[in-house]
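Single-structure report; data block below.
What's counted below: heavy atoms across the whole structure, side chains too, no hydrogens, waters or symmetry copies. These figures come from a predicted structure and were not determined experimentally. Both ligands and their constituent atoms are indexed starting at 1 by order of listing. We count residues from 1, following the sequence as given.
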Amino acid sequence: MKHVLVTGGAGFIGSHVVRRLVTNYPDYHIVNLDKLTYAGNLANLKDVELNDNYTFVRGDIVDGAFVQELFAKYDFTYVVHLAAESHVDRSISNPIEFVMTNVVGTVNLLNAAKHHWQGKYEGRRFYHVSTDEVYGSLGDTGLFTEETRYDPHSPYSASKASSDHFVRAYHDTYQLPVVLSNCSNNYGSHHFPEKLIPLAIHNIVNRRPIPVYGTGENVRDWLWVEDHARAIDVILHKGSIGQTYNIGGHNEWKNIDLIRLLCSLLDKKLHRKEGESASLITFVKDRAGHDMRYAIDASKLKNELGWIPSVTFEEGLEKTVDWYLANHDWLQNVTSGDYMHYYEQQYVKR
Ligand code: NAD
Ligand code: DAU
């Protein structure tokens, strides 16, 4: 049985990755290491938490000694590293947390892999999950390729860029068998409602103002989270060592157009008059250093590994909206902080 470490598996994307690996690979033992920050939520994994091939470990990747002990306990074949502070706005108000988790935490994991694998790298993989934000901001045209020069603007993207550089440095210096991917904006179920799409859904449902930064002209390239999880699965198993793969949905939307689409979808679902939800749109002060446009060229992943997105945006967005409407309790718990009690109850009981 292969032991596979997934970091940040209680978060948005991590929980989809854990579910996929636990379900599709019964001969893998998935160890989910997560600190359970405000963004980590074990309720995201209720459906797989009792599986025999799944173990949850609460811990902090910034604690180097703890990370070394975990690697000594389990002889990991693969590491899939997603744990991070992930919200740009929080990075603007508290950059140091981002340096600690995203940079120091990543280097702790690299050190542990290097130490425990002892140069016996056959079959091993250290997979670092990164973001398109490291490439900076595009003008009206062009796409980010794997060769685009790094040009991060926020403390979040600077910390992710730094971690990417460390991962490549450990490959070049110590031959650590690394693989990286840089993905565009994800959307889907279990997304913490501080991010645009779940926040807008939550506010529309509750008839609260929908805050749109600046003019709403900024463009993001949206990918359904389950397609990202599938891309991670493909790259983990078939990607070439030392390589980077861009992942994206070929799906660019101006924020304001996306919000209008969501309003109109929710008007229908909630039996409101057309235009009722759009009246909640409220333009607010722009984000500092706000990147204008992200767009990914994912042709390397398509041509070399055969991955393409499986759903259209309309399909993915409708699935997402339906999930939030059907999981009102999840949203309530997350927004009230009650989900933290879930962990204590669930793990004290057993
Ligand atoms: P998230 O904020 O939803 O989840 C992050 C998880 O990491 C949480 O469960 C949290 O508890 C855990 N964590 C944070 N600090 C930790 C620490 N010190 N030790 C252990 N665990 C810790 O994030 P997400 O949106 O799921 O993003 C996951 C990864 O994917 C990140 O590396 C992010 O940079 C990258 N990414 C995200 C997107 C996106 O659109 N959300 C797009 C591209 C790449
Ligand atoms: O591109 C990948 C990145 O996508 C990931 O690396 C990040 O972890 C993830 O958070 C996301 O970053 P963004 O900053 O693009 O996502 P966010 O949902 O915060 O914002 C999306 C766009 O919407 C952005 O242009 C800012 C704007 N926005 C956001 C919020 C929260 C608003 O207009 N109003 C809001 O209330």
Under 3.5 Å, N or O to N or O, is [X] touching ligand 1 that way?
X	result
D60	yes
L33	no
N185	no

Show me which atoms of ligand 1 lie under 4.0 Å from any heavy atom of [X].
X	answer
T37	10 (C), 11 (O), 14 (C), 15 (N)
S86	1 (P), 2 (O), 23 (O), 25 (O)
G40	8 (C), 9 (O), 11 (O)
G59	19 (N), 20 (C)

| request: Would you check if there is a donor-acceptor pair between the side chains of N182 and D164 at a distance under 3.5 Å? | output: yes

| task | Would you kindly say whether Y294 and D291 are connected by a side-chain donor-acceptor distance under 3.5 Å? | result | yes

| query | Which pairs with one or both residues in residues 213-222 pass salt bridge (charged side-chain N to carboxylate O under 4.0 Å, His left out), sequence neighbours excluded? | reply | E217-K254

What is the closest protein heavy atom to [atom], and at what distance does it sit?
atom	result
atom 36 (N) of ligand 1	I13 CD1, 3.9 Å
atom 28 (C) of ligand 1	L82 O, 3.5 Å
atom 4 (O) of ligand 1	G11 CA, 3.5 Å
atom 11 (O) of ligand 1	D34 OD1, 2.5 Å
atom 44 (C) of ligand 1	S130 O, 3.2 Å
atom 40 (O) of ligand 1	N186 N, 2.9 Å
atom 33 (C) of ligand 1	Y156 OH, 3.5 Å
atom 43 (C) of ligand 1	C183 O, 3.3 Å

| field | H16 and H190 aromatic ring geometry - parallel, tilted or perpendicular at 30°/60° bounds | value | perpendicular

| field | Whether Y170 and F166 hold their rings parallel, tilted or perpendicular, with breakpoints at 30° and 60° | value | tilted

| message | Quick check on side-chain contact (heavy atoms from CB on, under 4.5 Å): which of L236, T244, L301, I247 does S181 satisfy it with? | response | I247

| said: Heavy-atom count check: over 12 atoms from other residues, nucleotides or ligands less than 6.0 Å from D140 CG? | reply: no

| message | Going by the closest heavy atom to atom 14 (C) of ligand 1, which one wins out of G8, A83, A84? | response | A84

| field | Within reach of ligand 1, part of L36 (heavy-atom separation under 4.0 Å) | value | backbone

| task | Between K160 and ligand 1, find which residue part has any heavy-atom pair under 4.0 Å and reply side chain, backbone, both or neither. | result | side chain

| remark: Sorted by chain and residue number, the residues with a non-hydrogen atom under 4.0 Å of ligand 2 are S86, H87, V88, T131, D132, E133, Y156, C183, S184, N185, E194, K195, L196, L199, P211, V212, Y213, N218, R220, N255, R287, H290, Y294

| remark: Applying ring-ring contact (aromatic ring centres under 6.0 Å, His included) to H328 and not counting sequence neighbours gives none

| message | If the condition is ring-ring contact (aromatic ring centres under 6.0 Å, His included), which residues does Y127 pass it with, not counting sequence neighbours? | response | none

| message | Between Y187 and H228, does the ring pair (Phe, Tyr, Trp, His ring centres under 6.0 Å) criterion hold? Intermediate values first, please. | response | CA-CA 10 Å; Y187 70 96; H228 187 189; over 10 Å; no

| field | N108 side chain vs I61 backbone, donor-acceptor pair below 3.5 Å | value | yes

| task | Examine distances only and state if a side-chain atom of T7 and a backbone atom of A83 form a donor-acceptor pair shorter than 3.5 Å. | result | yes

